[in-house]
Amino acid sequence: MSGHHDVSFLAPKETSFKSVWAWVYTLDHKRIGVMYLAATLLAFFLGGVFAVVLRTELWEPTRTIVNEAGQATVTGRALFGWKENGQQVTANNAYNRAFTLHGTIMVFLFIIPAVPAALGNIFLPIMLGAKDVAFPRLNLFSWYIYVFGSIFAIWSIIHGGVETGWTFYTPYSSSTNWGGVTSMVLGAFILGFSSIFTGINFIATVHKLRVPGMGWFDMPLFVWAIYATAIMQVLATPVLGITLAMLVFERLFHIGIFDPALGGDPVLFQHFFWFYSHPAVYIMIVPGMGIISELIAVNCRKRIFGYRAIAFSSIAIAAISFLVWAHHMLTSQTAALNAIFSALTFLVAIPTAIKVFNWIATMYKSSINLNTGMLYAMAFLFCFTIGGLTGPPLATLAVDIHLHDTYFVVAHFHYVMMGGTVLAFLGGLHHWWPKFTGKMYAENPARLACIMVFIGFNLTFFIQFFLGTQGMPRRYATYVDEFEWMHKISTTGSYLLASGLLLHLMVFIQSLMAGAPAPKNPWGGLTFEWETESPPIEHNFPHEPVITHGPYDYDTEVPPHCDPREWPLPDQAKVAALSHH
Amino acid sequence: MTSLPAESAAMDRELEPHERYVPGHHWRNAQDEMEAAKLGMWLFLATEILLFAGFFCAYTVFRYWYPENWHAASRHYLNWKIGAANTVVLLLSSFTIVLAIRGAQTNRKGMMLVNLFITELCAAFFLVVKLGWEYAPKWQKGELPGGFFTYGGHDASHDAHAATEHASWFSTLLSVDHGHYVTNAYDHIFMSVYWISTATHGFHVFAGMIVIGWAMWMAARGHYGPKHYTSLENIGLYWHIVDVIWIFLFPLLYLV
Amino acid sequence: MLTTGSQPVLGLPPLTLGVEWWDKLWFNGNVGTSTFSHLSDGAFFYTFWSSAVFFVILMYLMFWWAWKYRRIPGVAPEVSPSHNTALELTWSIVPTILFAIMFIWGLVAYIPMKIAPADSEVISVTAKKWAWSLVYDNGASPLKTERIADMDAPIFALPVNRPTKFIMSSQDVIHSMYLPAFRAKRDVFPNFYTGQWVEPTKVSHQWNESEKLWEPIDPLHKGYYLTCAEYCGDQHSQMWGRIMVLSEGDYQLWKAQQADTGSIPLDVLGATLHKSKGCVACHSVDGSTGTGPSWLGVWGATEKFKDGGSVVVDENYIRESILEPGKHIVEGFSNQMPSFQAQITDREILSLSIYIRSLSKNQADKDAAAAAAADEMKKKTEAKP
Amino acid sequence: MTHGPASLYDTVDPHETLSKDEAHSAHLHVTPYWPMFWVFMILLALTALTVWSSNVHGFWIGNTEIVLGGTAHILIAMTIAVIKAALVAMYFMHLKYDQPMNTVIVGATIFAVIMFIGLTLADSATRGVMDPMEHKQVVHGGDAHRAADGTFVKGKGQVDAARENAKAKETNPGHGETKPAEAAPSGH
């Protein structure tokens, strides 16, 4: 084998042109992953800006970013588009566009691809001991589709914005005449293909590229989670594709399938949409759960409690996720179906609960390294438990009638998505940052930022549960005075949250500019990615790695490239006694 | 290692591309690569099925609500003979592409090329019939989806004119017998489902023609042989799923 | 146990603490306000307390262990099992049982919400962008409005301790009629009817005969809200309504008052209708452009249409715009307005015309000038012979 | 990479991770001709059967005519279509000879499709079951009109229309527990 195999995958080529070309036409899963990471972080920033804007609008009961005459202020106009189809930006449209763009960008451009396509792309093949994903060209193609779809989505912002909500409910979305809807819908349609191809790639990789000797239950739990996610991506996303295509047809050709004015059925659209979008929220959270399994096992130096239960629960969530979609429609569909879907929805809560119990049980009698990654894992457990436990009230029929489409749902959703996926993503980013950049980050500033994010997040969203039970509907630009104090707390929290995230950005920039070189295995992990260089070499390993132990055998193994004196093993006699049970 | 005479002979001639084929650098062997490719293709086919499931779902719901209307619309606007002819053509093309794969497996290039060519012809026939004898007349008569539906019912003078001017066995076979028909309230939704599902299917046929053309080119250049024909096999799988979807669309739209 | 109507539907306790600040925090003090509210709240607090117990235990263990088992360099972790079948089964089965109870509780409380008693008062609800219009069985629509969240929200009334059923439809997109205090919500669709019913249990307002107004019984509690819970566009957040719950006698009085518009002068009625019919959502009267043209100064002006024609705004054009709004769209606007056919009387249309006319200062001046000219002509003709 | 002579270089297994027997036995299932031909013929026959069955009005058992309604025709046509699709998948698409995982994928897909269509239809099919007044079509505009003397006569409003619908539904004995809604006392 030639010499370039020993070079870091990030290393530039001989000439700058070749270097650029090597990124543009790379088939290396790690480079594609890094490109995804850059793109999704950009989308996260953009979505975050809209979030801060909409929280600012809610600072006062009446209008903040639009003036009393009902027109957008300069800020409002600058943010929400200058092409107005001959219409004024009316009172609330600025706000409506802010939350729509926040939702669409965060969901389609950030959360769905963030963990699987960015971190998954970089680490899934390495964790399997493979040189690359199964279909490297398809992988690159997925990235370009993602960029192409994102351009459509961004274009819609310039082209007057979108104000349908990220759910695009008909007949509002099929009848509204703001310019951006069609291009945003097309953007989401195209992004769906990126998601599908990534999912196909990962399933084939897991099936066919595990290193010889690695059985299904020797796989790291992150891989299990990505695998379960990929199943959902493949089986659910095409329905989103056809839904959005039919919505575009509805807008362009007035096919009348969803449009009641032509004899169609708007509830049918909701079924179509949620058949994808409910699995989609598991597409968003399950990879985050995979990261948490890694973070807790590595930083606790402990064999994960109930490995098989966690692995199977990922698959169970994937399977059940297809049966619960209509709990989003408890006020719009028929009573008989409500009863069915309420019951099915509780099923999905069980594997989720099992995971949380297992993670916390792993911490028992362990050796916990409270680095930023572990802090995020604990923050995740705190927030995700709240998010998870506020799900059952929403699945309980009589309660959901009251809470549906209120801030309770907003808070629940953000506790799961932001408090779950995003915190897990940030934890995973810190966990693997030294590995794929080759640079350490500054631990204490990162910890501070983590605490700011955690407090800011809870400040922002916890109060929203009470807003919801008191009856504040979501997607409201103006509200009655009695909710003001709660909105003020929430907005304050969002600023703290944003500051914490900016501090993270600074920590990362500092690390890239002047970070200390990372060792091969800074946290003492046992999975394959910690055996290779930091950053990994071009084909991941100089030789095909050999599997000698399970991913979490901390009882019997000293992690590779770690000093055995610093990593004393537990009392082997006790381990042996336990394993005889 | 002792070489057999036949193998020595093979050493002497220049190897065909399929004989020289080497799997991608990240694969452990060619079999893994082929199985992964087929697995990926099946997953893609799963997405195709679910994509069309959207149309079938819309069909089911509206058919449940307006059964008589849909039955009448199906009988009135569509000619089952066209659908049946296209079904037969697609089945034939499915069979020929199976034979093409057999040609690759048994290293018979001629068999492969001839069968791929027949497949291509069938696809072309399907599209010509679809565009020429279904879409074009419907476009003229205003039997368009949803809001564009302008068909006003039976136009006797037009039909009589058509009957006298162009009466041949062929046009009689392929024309729709309008009879005395009064349009129903939900005809336009039936036409919507008809148009979007058949157009999407037609687009898949068209995409199939392109990839089968590419497969012919690859076959002619000797890229397919007993040891490597992965993309041909995957194209075959794709073509079969196009056929399977039509197997469901045909009775649903044209017959019941 | 499971009856509908005025009887309590389910004997399950709401599991609230009964403490004022607690009720205020969770439900803005609106506890026990309808026959549903304690059903819904009971199920809610069951999920809340069972979740709270789990949450506290889990977080206690997490933080305690994070401290107790923090890493000390060179010290090996203790040995502990990596799975325990009995424990894992327990923590799978216990939540399953709790979830099963949640489901059953929710379902049992939900079924009565769906079956309206046969003797319900029927109110027809029409939602449109962006206003609610209620028609009572005597043909009355609410006339008064109140400023809520920066817009004019109509004031409705419901009878206490008697079921009221809403039959709802929408004129454009999906809305959702949400009565938070009564824990009731149902989506409103453009092409089919949906229904929901409530039975309020606490009177909020009474008629003050001396002041001739409806006043809240508790000055701090101004009644209940009606909101739209399904996003419906631009002014979604301004589809508020105020609900008064009245005693039976007061309710009949209120309904009769709303039906009797005969004694109101036309221009005042027009101004009232501008708010109560929801015109205000799109048509300002101060010249600012909304979804539709402002009414200020529009009377007598020449409006250009999208399709090229034009018209001088007069009674005829206003009548046409109300009954067939899609016929002529003014340039720069889009076809958004629903038709008001069968929802408005001729007298009401006329009063809106007069109101719009009164908003145009030019027209008033012109009218005065014309009247003066007519007077002069009259004088001249009288003087001539 | 240089190309060695064919005998020295196994194209199936360049990295030589399979044993010699595995490398040569594992790869191919050569598509047989005649079974495929017969499958094709069966498919044609089934197509003809679908067309024929769709035009069958009914059949006689003794003196009783069993009329096939729309549902029966759909069931027949879909049964035949499923058989055809299964034949294509098993033989033409080699599912019968292939990795079992591919069949698992097909199974999962069919499961998802059935759930999607079935549960969505369950919503459409149960509208108005709990509350007979729900899910009646809305007719916009009502039937208000001008009387001969030019005054505005209020037409049948939504409430009346909905009540009539409910009455029609409630005459059905299945909903006997609720009485027809009577007009509430008027405020006048």
Side-chain angles (χ1 to χ4, degrees), chain A residues 62 69-70 86 88 90 92-93 165 171-172 177 260 266 301-303 305-306 309 331-332 335 339 342-343 346 349-350 353-354 357 360 363-369 381 385 389 392-393 396-399 401-402 405 466 469-471 473 475-480 568-571 574-575 578, chain C residues 25-28 39-40 43-44 47 51 55 58 61-62 65-66 69-71 73 76-83 88 91-92 95-96 99 102-103 106-107 109-110 114 148-150 173-174 176 178 180 183 185-187 189-191 227 229 231-237 288-290 332 334:
Chain A
T62 53
Q88 297 267 350
T90 51
N92 307 312
N93 242 330
Y172 188 75
N177 50 4
R301 259 180 83 193
K302 195 80 187 166
R303 184 189 283 257
F305 192 90
T331 63
S332 57
S342 169
F346 283 110
I350 297 164
I354 290 171
F357 296 141
I360 290 179
M363 292 170 71
Y364 177 58
K365 287 191 176 179
S366 61
S367 167
I368 300 171
N369 178 13
L381 285 174
T385 305
L389 288 171
T396 307
L397 271 172
V399 183
I401 297 301
H402 174 47
D405 269 340
F466 298 106
T469 53
Q470 292 191 15
R475 298 173 167 180
Y476 264 35
T478 56
Y479 51 89
V480 291
L569 291 174
D571 184 345
K574 284 186 184 170
V575 172
L578 254 183
Chain C
L25 181 65
W26 280 110
F27 296 115
N28 211 5
L39 299 180
S40 171
F44 176 78
T47 64
S51 303
F55 181 73
L58 287 172
L61 290 177
M62 184 181 84
W65 287 346
Y69 302 117
R70 68 192 182 281
R71 181 166 302 172
E78 293 175 55
V79 177
S80 67
S82 64
H83 69 94
E88 290 180 66
W91 72 38
S92 309
T96 308
F99 289 146
M102 277 178 211
F103 165 66
L107 183 65
Y110 171 70
K114 291 302 291 181
I148 300 177
D150 208 21
V173 299
I174 305 175
S176 186
Y178 180 29
R183 318 287 189 269
K185 187 187 286 136
R186 181 78 167 108
D187 286 8
F189 292 95
N191 57 340
T227 68
Y231 176 69
C232 54
D234 193 352
Q235 290 166 56
H236 166 58
S237 58
S288 64
T289 308
S334 60

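Per chain, numbering begins at 1; letters A, B, ... match sequence-line order.
Looking only at heavy-atom pairs under 4.5 Å with chain C, the residue among A/T396, A/I350, A/T469 that has the most is A/T469. Considering only heavy-atom pairs separated by less than 4.5 Å from chain C, the leading option among A/A339, A/G165, A/A309 is A/A339. Per-residue counts of heavy-atom pairs under 4.5 Å with chain A were compared for C/L61, C/T227, C/T96, C/V79; the largest is that of C/V79. Your options are A/P393, A/P392, A/S332, A/A353, and the one with the most heavy-atom pairs under 4.5 Å with chain C is A/S332. For the options C/G233, C/P81, C/S82, heavy-atom pairs under 4.5 Å to chain A are most numerous at C/S82. Taking chain C as the reference chain and counting heavy-atom pairs below 4.5 Å, the highest number among A/P570, A/S366, A/S342, A/A349 is found for A/S366.
Between A/H402 and C/Y178, the ring-plane angle classifies as tilted under the 30° and 60° cut-offs. Relative orientation of the C/H236 and C/Y231 rings is perpendicular, given thresholds of 30° and 60° on the angle between their planes.
Heavy atoms of C/K114 lying under 4.5 Å from chain A belong exclusively to its side chain. C/S40 touches chain A through backbone and side chain together, each having a heavy atom under 4.5 Å away. Only the backbone of A/L569 has a heavy atom closer than 4.5 Å to any heavy atom of chain C. Of the two parts of C/P73, neither the backbone nor the side chain holds a non-hydrogen atom closer than 4.5 Å to a non-hydrogen atom of chain A.
Here the straight-line distance linking atom CG of A/L389 with atom CG of C/L58 works out to 7.5 Å at 0.5 Å rounding.
The side-chain tip of C/R183 points at the ring of C/F27 from less than 6.0 angstrom away and within 45° of straight on.
Taking 4.5 Å as the limit, every side-chain heavy atom of C/I174 sits out of range of all side-chain heavy atoms of C/C232. Residues A/D405 and A/P473 have side chains not in contact (no heavy-atom distance under 4.5 Å, counting atoms from C-beta outward).
Within a 6.0 Å sphere centred on OH of A/Y364, heavy atoms belonging to other residues, nucleotides or ligands number 12 at most.
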